[in-house]
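Step one of this worksheet: look at the structure below.
Side chains are part of it too, since the values below use all heavy atoms of this structure and drop only hydrogens, waters and symmetry mates.
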Amino acid sequence: MTVKINKKIKGYAVVTADDKAKEAVKAESVSRAAAEAEAKPVADVIQMHERVERPEVLIGSTYKIKTPLVEHAMYVTINDIVLNPGTEHELRRPFEVFINSKSMDHFQWIVALTRIMSAVFRKGGDVTFLVDEMRAVFDPRGGYFKAGGVYMPSLVAEIGAVVEEHLKSIGLMHDPEMSDATRALIAEKRKVYEERAKKNSEISTAGEMGGAMSDADARTEEVIEVTGEGASFPPSATMCHKCNTKAVVIMDGCATCLNCGYSKCG
């Protein structure tokens, strides 16, 4: 059979019977894989969106907020919906939020805030941006330190901190892992600080035996609990702008945070 070639020949190869057999086997395996894929049942994975109906029962968690701005405590309840229960795609997502309190001073904007947040939760997608937006709200009258020594710039920011804690508990947010070098540095600085405080305490005790103890030594002995891990810092400690904790002390002429290890000296 004669075949007319109208294009320029750039290369050629001789096709043998073995090559044809390999091509046939390859084509058969591809068709078999396609047939098996069509035969397999496709998993119906439900993603969070606004058309997901509210079930009769939701899993909820309630957090207590007590601030100096409001006489009565606030109780933040966040209810979660479980998507694809009992499967490998099971996922827990926030569905709605409520805030209850005896105080009616902030009733209107709290109701508006919770309704907007619930609508964002039900919309689906990445809802973690709410934490950053809420924690960036500052009260023009000034913020406050909540129990534990963590600075809160506003009541909205503390509500955002509660939402962050909840999202971490259900696995939607994660704390950045601290490197081993940073952990070792913090442990070293804590040890140096504790040794210095112990030494000052011994000096003040000796001074008390010989006479009256100075006010500076008395302040050195006082410590306050500022974290849930039992870490203690002097009342004169200032706030760290990185972790918002009153844990910055002067060590070797440099401001150092004993909570996160931040230091202006590097």
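Looking at residues two or more places apart in sequence or on another chain, you find no side-chain hydrogen bond (donor to acceptor under 3.5 Å, both in side chains) involving H72. Residues passing the side-chain hydrogen bond (donor to acceptor under 3.5 Å, both in side chains) test with D126 are T128, sequence neighbours excluded. D139 meets the salt bridge (Lys or Arg N to Asp or Glu O under 4.0 Å) test with R141; sequence neighbours excluded. Listed by chain and number, the residues in a side-chain hydrogen bond (donor to acceptor under 3.5 Å, both in side chains) with R93 amount to none (sequence neighbours excluded). With sequence neighbours left out, the salt bridge (Lys or Arg N to Asp or Glu O under 4.0 Å) criterion links E133 to no other residue. With sequence neighbours excluded, the residues forming a side chain to side chain contact (heavy atoms under 4.5 Å, CB included) with V76 are I65, I78, V97, I99, V162, listed by chain and number. The side chain to side chain contact (heavy atoms under 4.5 Å, CB included) check on V70 picks up T67, M74, S103, H106, L155, with sequence neighbours excluded. Scanning for side chain to side chain contact (heavy atoms under 4.5 Å, CB included) contacts around A73 gives K64, K66, Y75, with sequence neighbours left out. For D80, the side-chain hydrogen bond (donor to acceptor under 3.5 Å, both in side chains) partners are R92, H166, not counting sequence neighbours. Considering only residues two or more places apart in sequence or on other chains, N84 meets the side chain to side chain contact (heavy atoms under 4.5 Å, CB included) condition with V45, I46, T87, H89.
Residue pairs satisfying the side-chain hydrogen bond (donor to acceptor under 3.5 Å, both in side chains) criterion with at least one member in residues 149-164, sequence neighbours excluded, are listed as follows: R135-E164, Y144-E158, E164-K168. Note on residues 108-120: no pairs pass salt bridge (Lys or Arg N to Asp or Glu O under 4.0 Å), not counting sequence neighbours.
The line from CG of L91 to CE of M48 is 10.0 Å long, rounded to the nearest 0.5 Å.
Counting heavy-atom neighbours within 6.0 Å of Q108 CD, excluding the residue itself, gives a total of 12 or less.
Each of L130, N79, L172 was compared with P94 under the side chain to side chain contact (heavy atoms under 4.5 Å, CB included) criterion, and only L172 meets it.
Looking at heavy atoms from C-beta onward, I59 lies in side-chain contact with V82 at the 4.5 angstrom threshold.
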